[in-house]
Amino acid sequence: MRTRPVLLVIAHGSRDPRHAATVHALVRSVRSLRPGLRVETGFLDFNVPSVQGVLESLAAEGVRDVVALPLLLTRAFHAKADIPAVLRDAPPQLRIRQAEVLGPSPLLLTALERRLYEAGLTPADKSSTGVVLASAGSSDPEAIAVIAEIAREWWHTGWCAVRPAFASASLPRTEDAVRELREMGCSRVAVAPYVLAPGFLPDRIARGAADADVLAEVLGPAPEVARVLLERYDEARVPRLAALGA
């Protein structure tokens, strides 16, 4: 019986201790959904263990197959450059497949709505509520286009309006989107952070939401997010399983 590849979740890392705590909580959720799957966590910066350190430890144990999963919502610089560079420096005996980033996914829209309902909205509020889909932001046009498309898709599920906003690198800012939704005549305005863990940019989103009626929590260890991680893991390992005839 062939062993399943180890799932290595690669997080950005942050000086904010809430970031690592949230990442670890999410990883615990993933483990609970699939007992027996080995799941490790590595950070690109600020936190330990580092990605390189985890890869070296796995190689020393005799592990051979790894699925490296970027804990990212869009394909921007980290997914396209930073993570591939780290993986290229991995011990040569490791066979590593880089999984796709988490978004977009219908499950993530479900997680966003979960957070809004936890913050006080109800499904009956949708048609009168404008939502700001507030992401960290990126200078990558592909990533920005994805956020805009997610906002359009989410609007079609029944919200009064959905507007994208960005905490850095791109415009509009959260406060500008809140103002626009007010001017459109939405009865209430909610801000849904499209981010995985607390930190500097999520705090900026929160400040920009000062004039909103509702501010949801970050996605964090929502069960839907954990399920997306496992979906991306399975998608990444299928080609290898097919090649092996498994």
Side-chain angles (χ1 to χ4, degrees), residues 7 9-11 22-23 25-34 37 39 67 69-76 78-80 97-138 140-166 174 177 181 186 189-197 202 205 214-239:
L7 170 56
V9 176
I10 301 179
T22 302
V23 170
L26 175 57
V27 168
R28 287 194 296 272
S29 296
V30 172
R31 291 187 182 119
S32 70
L33 287 175
R34 192 166 297 181
L37 173 62
V39 187
V67 170
L69 195 157
L71 197 59
L72 302 168
L73 293 170
T74 58
R75 271 185 54 78
H78 294 304
K80 294 177 179 179
R97 298 188 67 88
Q98 181 176 331
E100 289 297 325
V101 298
L102 303 186
S105 167
L107 284 170
L108 294 177
L109 289 182
T110 302
L112 286 166
E113 293 202 359
R114 170 191 291 276
R115 293 302 189 225
L116 286 171
Y117 297 151
E118 289 170 350
L121 292 180
T122 71
D125 296 323
K126 289 185 73 168
S127 63
S128 59
T129 301
V131 179
V132 178
L133 180 68
S135 78
S138 173
D140 188 308
E142 178 187 350
I144 297 304
V146 167
I147 298 299
E149 180 58 32
I150 292 170
R152 284 191 291 270
E153 179 182 344
W154 202 15
W155 170 58
H156 287 301
T157 67
W159 296 100
C160 175
V162 180
R163 292 292 182 270
F166 307 94
T174 302
L181 291 170
C186 296
V189 176
V191 174
Y194 190 59
V195 293
L196 289 166
I205 290 172
V214 173
L215 171 62
E217 293 292 330
V218 299
L219 293 172
E224 296 86 359
V225 180
R227 287 169 58 195
V228 175
L229 264 72
L230 289 172
E231 283 188 357
R232 297 295 180 256
Y233 170 80
D234 290 336
E235 291 163 0
R237 65 189 286 258
V238 163

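Any value given below was found using the heavy atoms of this structure, including those in side chains, with hydrogens, waters and symmetry copies removed. This one's a predicted model, so the numbers in the text were calculated from it and none came from an experiment.
- A donor-acceptor contact shorter than 3.5 Å links the side chain of S29 to the backbone of A25.
- Within the 4.5 Å cutoff, the side chain of W159 has heavy atoms near those of the L116 side chain.
- You'll find the side chain of P193 reaches within 4.5 Å of the side chain of L215, heavy atoms only.
- L230 CG to E235 CD: the interatomic distance, rounded to the nearest 0.5 Å, is 11.0 Å.
- Remark: E100 engages R75, R232 in a side-chain contact (heavy atoms from CB on, under 4.5 Å) (not counting sequence neighbours).
- Contact annotation: the side chain of L109 approaches that of I150 to within less than 4.5 Å [non-hydrogen atoms, C-beta and beyond].
- When atom types are taken as modelled, the side chain of D125 and the backbone of T122 share a donor-acceptor pair closer than 3.5 angstrom.
- With contacts defined as side-chain heavy-atom distances shorter than 4.5 Å, the pair R34/L7 does not qualify.
- Nearest heavy atoms, A151 versus V162: O-CB, 3.5 Å.
- In plain terms, the two heavy atoms of P164 and A148 that are nearest each other are CG-CA, 4.3 Å.
- Shortest non-hydrogen contact noted between A134 and V191 is CB-CG1, 4.1 Å.
- Considering every non-hydrogen atom in both W155 and A161, the closest pair reads CD1-CA, 3.5 Å.
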In residues 218-229, what donor-acceptor pairs under 3.5 Å come from side-chain atoms, sequence neighbours left out?
unit_1	atom_1	unit_2	atom_2	d
E224	OE1	R114	NE	3.0
E224	OE2	R114	NE	3.1
E224	OE2	R114	NH2	2.9

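- For the residue pair L102 and L108, the shortest heavy atom distance occurs at O-CD1, 3.7 Å.
- Between V131 and W154, the shortest heavy-atom distance links the atoms CG1-CZ3, 3.5 Å.
- Looking at heavy atoms from C-beta onward, V39 lies out of side-chain contact with Y233 at the 4.5 angstrom threshold.
- The closest side-chain heavy-atom distance from H78 to V101 is not below 4.5 Å.
- Note that CG of L72 is 12.0 Å distant from NZ of K80, once rounded to the nearest 0.5 Å.
- By the neighbour-count criterion of 12 heavy atoms within 6.0 Å, atom CD of E217 is sparsely surrounded, having that number or fewer from other residues, nucleotides or ligands.
- For the atom pair T74 OG1 and I147 CD1, the distance stands at 5.5 Å (nearest 0.5 Å).
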Could you go step by step and tell me if L196 and T22 meet the side-chain contact (heavy atoms from CB on, under 4.5 Å) rule?
CA-CA 8 Å; L196 289 166; T22 302; over 6 Å; no

